[in-house]
Chemist: 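A single structure is presented below for examination.
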Amino acid sequence: MASSSVVRPEEIRRHNLGLLLRQIHRHGELTRAELTTLLGLNRSTIGGLVTDLVNLGVVTEYVPAGRDRAGRPSYVVAPREEGPYVLAVEVEVERIVSAAVGLGGRVHARRETNTQDGPTTPAAAAAQVSRDARWLAARMPPSAVLFGAGVSVPGTVRRADGLVVHAPNLEWREVPFSELLRKSLGGELDVQVGNDANLGALAEHQRGAARGLDNVIFINGSVGVGGGVIVDGSELHGVGGYAGEIGHIMLNPEGPPCHCGSTGCIETYIGEHALLRQAGVTGAFGPLAAAAVFADAERGDARAAGAVAHVALWLGRTLATLVNVFNPEALIVGGTLADVVRLERAIVEGEVDRRAMAAARAGVRILTPGLGQESSLIGASELAFQALLAAPDAGLTMSSTGGAAAN
Ligand SMILES: [Zn+2]
């Protein structure tokens, strides 16, 4: 914190409002007594902050039914149903998912559109998301305020302005998608864009399998293989926001060509195309094709089982490298790679045992996502909520002068 001699009371109040709202957001709901303990502030200060958040329309207070009426009631502070929500979007190769997500990570409504005719163009994606936003708004209480939007994209994203530098599987290059979507949504909404695996890591850390863990790596494998790294409780971004491209660690310069322009990247060994190639599947790709290989492997088909085992071996080697470099508490494996762990955990763990250095290997857990297939979508909502959580009063003032959304 800055020197107390220059911190003005309204700055302290805003700081504390943000702290309190982040706790509510993280836990879903808390009693005033729990807030007092978590924030280390006195009861009357907590009472004043809660009143401010109630007046901003962000939270509500209630006395839980069934509590002993003889005792002093402990008010529960919870996100307000009609309060602010965000538009969370996940753009994938085969589909676009949009959701209205409230504080506490609650998904109020969700819509999924398949984009079967090849990768969607940026303009078509923005148009679809705008249709989704109207559809979702019609399912929200009339007074609910759309605060902002967050978008997950499977590609490298420049942190400063949300420019999609390269999303190879979407065939997007240098796409100013936040700008494009903001215009498509009417020009006033704040639109944030992030990398899918970075957002997956954020969500798993906030409310998934990595909750309470501060050194975690999320590796997400489908067509591409991405990663997100949490170090000492914070996201690792790198200078431009491009950190975490685990899939493009080079294993073998003589290996297969990778869409990133290099050869022999990890992605060419453990990505969906590698699985399908090993299984002898040609002409089909996507989650359904991968799921068919897993089903065949479970039925005992030797070629499919061999393909899964091959990917498991290279996944284990990849995880061993990550253990040595980052010394994490947990590795969370998502996407189609989660099924590889499910079917061949012994191979994955065995390879980590064999190749990671003993001190760093001790105690590392290999987990699958607590949020299932929704990690990146929930991460997109977290991104959209960041400004509100940093300064609840400023955020909502801005939003309500933004016009349409506030009414
Ligand atoms: Zn590559």
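Read the numbers this way: they start at 1 and go in the same order the structure lists the ligands and their atoms. The chain is numbered in sequence order, starting from 1. Below, all heavy atoms of this structure are taken into account, side chains as well, without hydrogens, waters or symmetry copies.
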Chemist: Just checking, is any N or O donor in the side chain of H25 or E382 under 3.5 Å from an acceptor N or O on the other one?
Modeler: yes
Chemist: Just checking R111: does its CZ atom have more than 12 heavy atoms from other residues, nucleotides or ligands closer to it than 6.0 angstrom?
Modeler: yes
Chemist: So what's near the Zn ion (ligand 1), protein N, O or S atoms under 2.8 Å?
Modeler: H248 ND1, C258 SG, C260 SG, C265 SG
Chemist: Is it the case that over 12 heavy atoms from other parts of the model lie below 6.0 angstrom from the CZ atom of R173?
Modeler: no
Chemist: Is the closest side-chain donor-acceptor distance between S222 and E272 under 3.5 Å?
Modeler: no
Chemist: Quick one: list whatever passes side-chain hydrogen bond (donor to acceptor under 3.5 Å, both in side chains) with R131, sequence neighbours left out.
Modeler: Q128
Chemist: Are any of the side-chain nitrogens in R106 or E29 under 4.0 Å away from the carboxylate oxygens of its partner?
Modeler: no
